[in-house]
There are 2 protein chains.
Amino acid sequence: MDQAVARTRSDPHAPVVAAKRPRGRPRKTADERDDGNRRVELVNAAAKLFRQKGFDATSTRDIAAAVGMHSGSPFYHFKSKGALLYAVMDEGMRSAIARQSAALQAAAVSAPSAFPAAALLRVLIRNHFDVLLGPGSDFIPVMLYESRSLTARQRALLARLQGDYEALWAPALNALSQDGQIKGPVKLARLLIFGALNWSVQWFDASKDASLDDLADAAMALFVQQPSPVRQSQA
Amino acid sequence: MDQAVARTRSDPHAPVVAAKRPRGRPRKTADERDDGNRRVELVNAAAKLFRQKGFDATSTRDIAAAVGMHSGSPFYHFKSKGALLYAVMDEGMRSAIARQSAALQAAAVSAPSAFPAAALLRVLIRNHFDVLLGPGSDFIPVMLYESRSLTARQRALLARLQGDYEALWAPALNALSQDGQIKGPVKLARLLIFGALNWSVQWFDASKDASLDDLADAAMALFVQQPSPVRQSQA
DNA sequence: CCTACCGATCGGTAGG
DNA sequence: CCTACCGATCGGTAGG
């Protein structure tokens with residue numbers, strides 16, 4: 001495949017062995033090959049398998065096979081199985097943050113006044129379900145359910161991204177809390193709400209009746225109380 | 001497998017009966033064989049370790065060491081590591097059901113009229129947090145987060161217990177839904193609420209400020225709307 | 001329940 | 001990225 005194309009590329013550091021193109025390729029060289037693609041393929045395959053079977057139950061051989069490599073080859077791209085796990089989670093978090101940021105920005109730009117806090121929260125929740133349950137959504141579930149296998153440093157790095165993600169929710173949640181539309185301590189409310197959403201990974205069945213929009217509606221109805229018109233004018 | 005069940009009840013199919021304590025039963029005087037105790041110790045140790053490190057990352061040697069046995073000995077009591085996992089979950093579910101049933105019964109008997117649906121739900125939620133986060137609460141978290149490692153049959157057996165557990169919640173949830181105190185489709189509301197509660201396993205820190213009562217209060221505030229006095233009299 | 005042990009698998013590496 | 005391989009570990013078993 002494109003592997004063959006890559007092989008034809010001349011490498012300045014290549015040994016002068018001449019001969020033909022045997023199995024022994026030149027060692028890792030200047031990084032200008034299609035390295036990135038194979039790497040991405042590995043991360044995608046790992047995400048899928050980690051989600052399906054769990055980190056511990058997935059062997060590096062499984063991952064290699066999923067992308068058509070042999071057993072030792074993933075270690076050419078990642079120095080350890082744990083590095084692969086981290087890559088999955090890091091990719092998942094960055095993607096989720098980018099997605100939510102874009103959605104919020106679009107809402108704020110298009111019609112700021114038409115987006116009160118409840119509408120913003122609905123956007124966040126709807127996108128969150130998409131990130132969790134939509135097509136190609138293996139990264140965040142892995143992140144949520146396999147973090148036990150991370151090192152302390154990896155966990156700390158990801159905690160920062162998680163903080164960034166949560167920060168996107170703060171304005172909407174705080175506003176709704178102050179309006180009395182979300183009851184109880186905001187901090188606990190946030191944790192409970194995230195739990196309710198994240199748990200959907202365990203039970204949601206795309207082939208069933210409920211759509212992601214239905215889920216978002218149900219969540220909004222459950223967590224956010226309609227503003228009482230009386231009190232609203234009073235404030 | 002169902003061997004675990006068979007042991008706890010008297011089951012005509014119990015395969016273990018025929019193979020009575022066979023081989024070199026040594027040292028201790030014949031009275032010392034508190035078979036049941038060692039079994040229970042194993043299940044407890046397994047629950048703790050499965051929760052801490054996960055099922056796959058826990059070796060049967062870890063479990064044996066935790067109760068002072070040697071590596072092969074757990075297999076005298078359980079025919080496989082998977083049977084041990086099932087025993088943990090089965091024990092956890094039966095205990096949780098018994099606990100909730102007793103609490104509900106006590107409430108209904110002591111002062112039925114003082115326990116409207118909201119008060120019942122509060123009891124259920126409070127006990128649920130206790131089962132999840134209280135002292136000795138390793139069984140249900142294992143059940144919630146390690147069910148991927150079960151066989152299909154084990155999963156089916158546990159699903160029945162889970163159904164029994166959920167059934168305890170139905171009266172309260174349905175009543176509140178009909179009263180308009182819980183919004184949205186009941187079925188989705190139930191799943192979201194369970195998720196919110198179950199997720200607490202991931203973040204709750206007993207050494208922190210919030211108590212289990214605080215959690216229960218926060219959950220009630222978030223999910224259950226106060227009945228509007230106006231509408232109440234109208235109905 | 002211990003002793004002794006086995007086959008399978010796994011993460012990872014050397015070297016081309 | 002493949003070939004060939006290794007040390008460690010694991011679930012499980014035979015037999016007393």
Side-chain angles (χ1 to χ4, degrees), chain A residues 1-9 11 13-29 31 33-39 41-42 45-46 49-50 53-85 149 151, chain B residues 1 3 16 19-30 32-39 41-42 45-46 49-50 53-85 149 151:
Chain A
M1 325 193 73
D2 41 22
Q3 182 182 352
V5 179
R7 288 189 183 226
T8 64
R9 209 171 300 177
D11 185 330
H13 292 78
V16 211
V17 230
K20 16 183 164 175
R21 207 169 323 112
R23 314 228 116 225
R25 289 246 65 227
R27 229 53 188 311
K28 154 170 214 157
T29 67
D31 43 15
R33 42 184 78 177
D34 54 345
D35 226 17
N37 272 337
R38 298 302 272 160
R39 214 188 117 94
E41 286 175 47
L42 278 170
L49 287 164
F50 287 161
K53 326 202 307 177
F55 176 73
D56 287 312
T58 300
S59 71
T60 55
R61 283 163 171 83
D62 291 336
I63 299 168
V67 300
M69 286 181 186
H70 286 234
S71 67
S73 301
F75 297 97
Y76 173 75
H77 297 278
F78 293 89
K79 75 176 234 277
S80 71
K81 189 187 174 188
L84 208 28
L85 177 65
S149 299
T151 68
Chain B
M1 296 233 176
Q3 178 183 355
V16 205
K20 43 184 304 182
R21 258 171 287 290
R23 333 216 186 225
R25 262 242 330 123
R27 5 215 134 73
K28 316 269 170 123
T29 54
E32 282 267 337
R33 67 178 106 118
D34 39 2
D35 220 14
N37 273 337
R38 298 302 272 161
R39 212 188 120 94
E41 286 174 47
L42 277 171
L49 287 163
F50 287 160
K53 326 202 309 178
F55 175 74
D56 288 312
T58 300
S59 71
T60 55
R61 283 163 172 84
D62 292 336
I63 298 168
V67 300
M69 285 182 186
H70 286 234
S71 67
S73 300
F75 296 97
Y76 173 75
H77 298 276
F78 293 89
K79 76 177 236 272
S80 72
K81 188 187 175 188
L84 209 26
L85 176 65
S149 298
T151 68

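Proteins come first, then strands; the chains are lettered A, B, ... in the order of their sequence lines, and each starts at number 1.
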Nucleic acid contacts of residues 63-71 of chain A, taken as heavy-atom distances under 4.0 Å to DNA chain D
Gly68(A), Met69(A), His70(A)
Tell me the closest heavy-atom pair linking [X] and [Y], and the distance in Å.
X	Y	answer
Lys53(A)	Thr58(A)	CB-OG1, 3.8 Å
Asp56(B)	Lys81(B)	O-NZ, 3.8 Å
Thr60(A)	Pro74(A)	O-CG, 4.0 Å

Dot-bracket for DNA chain C: what is it, with Watson-Crick or G-U pairs under 3.5 Å, [ ] where a pair crosses earlier ones, and | for a pair to another strand?
||||||||||||||||
Quick one: which residue pairs count as a salt bridge (charged side-chain N to carboxylate O under 4.0 Å, His left out) with a foot in residues 63-78 of chain B, not counting sequence neighbours?
none
Length of the OH-P vector between Tyr76(A) and dT3(D), whole Å:
16 Å
Under the side chain to side chain donor-acceptor pair (under 3.5 Å) test, which residues partner Ser80(A), sequence neighbours left out?
none
Going by side chain to side chain contact (heavy atoms under 4.5 Å, CB included), name the residues that satisfy it together with [X], two or more places apart in sequence or in a different chain.
X	value
Ser71(A)	Arg61(A)
Phe78(A)	Arg39(A), Leu42(A), Val43(A), Ala83(A), Leu84(A), Ala87(A)
Ala65(A)	none

Value rounded to 0.5 Å, distance of OH in Tyr76(A) from CZ in Arg38(A)
11.5 Å
Could you list the protein-to-nucleotides 7-11 of chain C atom pairs, N/O on both sides, closer than 3.5 Å?
residue: dG11(C); atom: OP1; partner: Thr58(A); partner atom: O; Å: 3.3
residue: dG11(C); atom: OP1; partner: Lys81(A); partner atom: NZ; Å: 2.8
residue: dG11(C); atom: OP2; partner: Thr60(A); partner atom: N; Å: 2.8
residue: dG11(C); atom: OP2; partner: Thr60(A); partner atom: OG1; Å: 3.0
residue: dG11(C); atom: N7; partner: Arg61(A); partner atom: NH1; Å: 2.8
residue: dG11(C); atom: O6; partner: Arg61(A); partner atom: NH2; Å: 3.1

Salt bridge (Lys or Arg N to Asp or Glu O under 4.0 Å) partners of Lys79(A), counting only residues at least two apart:
none
